[in-house]
Amino acid sequence: MRGGYVFSEVLTGLRRNITMTIAMILTTAISLGLLGGGILVARMTSHAQQLYGDKVQVDVYLTPEVSANDPDCRDVCLTLKDSMQNNPDIASVEYHSQEDAYNEYKERFAGQKEMLDIVRKEALSAFLRVRLKDPAKISIISEQYSGKPGVRSVSDQRELLNRVFSVLNGVRNATLAIALVQAIAALLLISNMVQIAAFTRRTETSIMRLVGASRWRTQLPFVIEAVVAGVIGAVLAVGGLIAAKVWFVDKSLSSVMATGVLPPITANDMLIVAPILIGSGIVLAAVSAYLTLRAYVRT
Amino acid sequence: MIHLSHVSKSYKTSTRPALDDVSVEVDKGEFAFLIGPSGSGKSTFLRLLLREDAPEKGEISVAGSDLTKIRRSKVPGHRRRLGCVFQDFRLLTNKTVSQNVGFALEVLGRPRAVIKRVVPEVLELVGLEGKSNRLPHELSGGEQQRVAIARAFVNRPLLLLADEPTGNLDPDTSADIMLLLERINRTGTTVLMATHDNAIVDSMRRRVIELQLGKLVRDEDRGVYGVGR
């Protein structure tokens, strides 16, 4: 069997059945595009989790009395700090006095005079900044230290983070669900396309069988036809994702990404997603074409 | 070359068997006619030899393949050793004469160089030199049948099956086709031709196998079409 010969048959087949081919390519493209989008969001979420994981810290705010009366952390504050330093889950503890807190505040709002005017030093609390060995155990700090003498409150960034993650996970799940529905549509279209192609070429196929062509030889062009369309669909999907990244994500979310709240989608992410999509396109098309030929086409 | 013993075959749509306990032997290099009216079982006979169908009872072997036991995957290999010609030519309408003939070799995976060399030789044998780039609809019926014969013969089959090859042709053209089949037979190829063209059968004086209502009613060397009719 010669490659060039099969290929010319494939091209003729695709042209002959052009509307169906286009419908199939577009459906495959949308399905794979959504799959790719889902994968990118999933990667973004896991990057974000890492990003935050490294930075996770908990501030244990001290009561105003302790803040005011124990500026050098010698008394109640020291008891707390010692107990944290002996805690096996805690990597480091750093004391920030009321003075430090005020300086940080001034730094953060430098240039915004009204913000600086509102707050006096005495209104801020001194705090102990805790870093954990395992960021996942973030809750133990509030469990163990809130309510202890000298502690006013424990900051909890977890809730905010969880909200961000649940939004991202929701987006990912919705995208993958739509991708699945589209994949089913693509599958049925491929099956239909193969059936029509096999039907329009039944004379040819029967002649081929007559001169002793194997089942593989007669059916391979149909499978390749579907695979070619599947690959074109996958390439369109990758193109669409790149376009979406360049013209939408990079532009409208650039400020969010610059602050580090969300990690950017990198070229590397694209390089990982592209082969997955093309591979899925090939497998989706080849498997549904093969099964269709086995189930419906007798040659 | 062809060996049938007690072969029966019936189709679900018919109460009467298409072939009923038929036993026939055709030797290598023979030229035989398979005759009988429409519905007598000629086409079923050929379909069994091509292994397009399997018999219910009896044994068939063709060109060394036992068709009662042959596995599905071996059927293409079996067909490659045969050539077939039909009343309706069965050419690929969008391919030229030489592509149609080359197709049979293509399917067998022969190298391009071999195809380029062999196809013109066979076209010359069937008298179609100079028409290799025509499309089938640009040819007369007789010429189309020659293309079909060239395609059937191009891989030098041991056995050539012809199902009413002259059915769509006028008498003169039919006579030319018969000459061609005779020439092919002289190269050592066994030829089995189903027909109900009595003029051809009578003029050729070859072996005649006659079927009626699925039964073998006559098998005669150097026969004519209608004895006593």
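Convention: sequence-line order gives letters A, B, ...; per-chain numbering from 1.
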Discussion item. Among B/Gly77, B/Pro76, B/Cys84, B/Gly83, which residue has the highest count of heavy-atom pairs closer than 4.5 Å to chain A?
Written reply: B/Pro76

Discussion item. Would you compute the distance between atom CZ of B/Arg151 and atom CG of A/Leu210 and round it to the nearest 0.5 angstrom?
Written reply: 7.0 Å

Discussion item. If you count heavy atoms of other groups shown closer than 6.0 angstrom to NE2 of B/His3, is the number above 12?
Written reply: yes

Item to complete: Could you tell me whether a side-chain N or O of B/Arg79 sits under 3.5 Å from a main-chain N or O of A/Arg209, the two making a donor and an acceptor?
Response: yes

Practice prompt. Would you mind checking which part of B/Leu82 comes under 4.5 Å of any heavy atom in chain A, side chain (CB onward), backbone (N, CA, C, O), both or neither?
Written response: neither

Discussion item. Could you check whether atom CD of B/Glu59 has more than 12 heavy atoms from other residues, nucleotides or ligands sitting under 6.0 Å from it?
Written reply: no

Practice prompt. Heavy atoms only: give me the nearest B/Val107-A/Gly212 pair and the separation to one decimal.
Written response: CG1-C, 3.9 Å

Discussion item. Can you confirm whether more than 12 heavy atoms, excluding those of A/Phe199, are under 6.0 Å from its CZ atom?
Written reply: no

Item to complete: Indicate the atoms forming the closest heavy-atom contact of A/Ile207 with B/Leu92, along with that distance.
Response: CD1-CD2, 3.7 Å

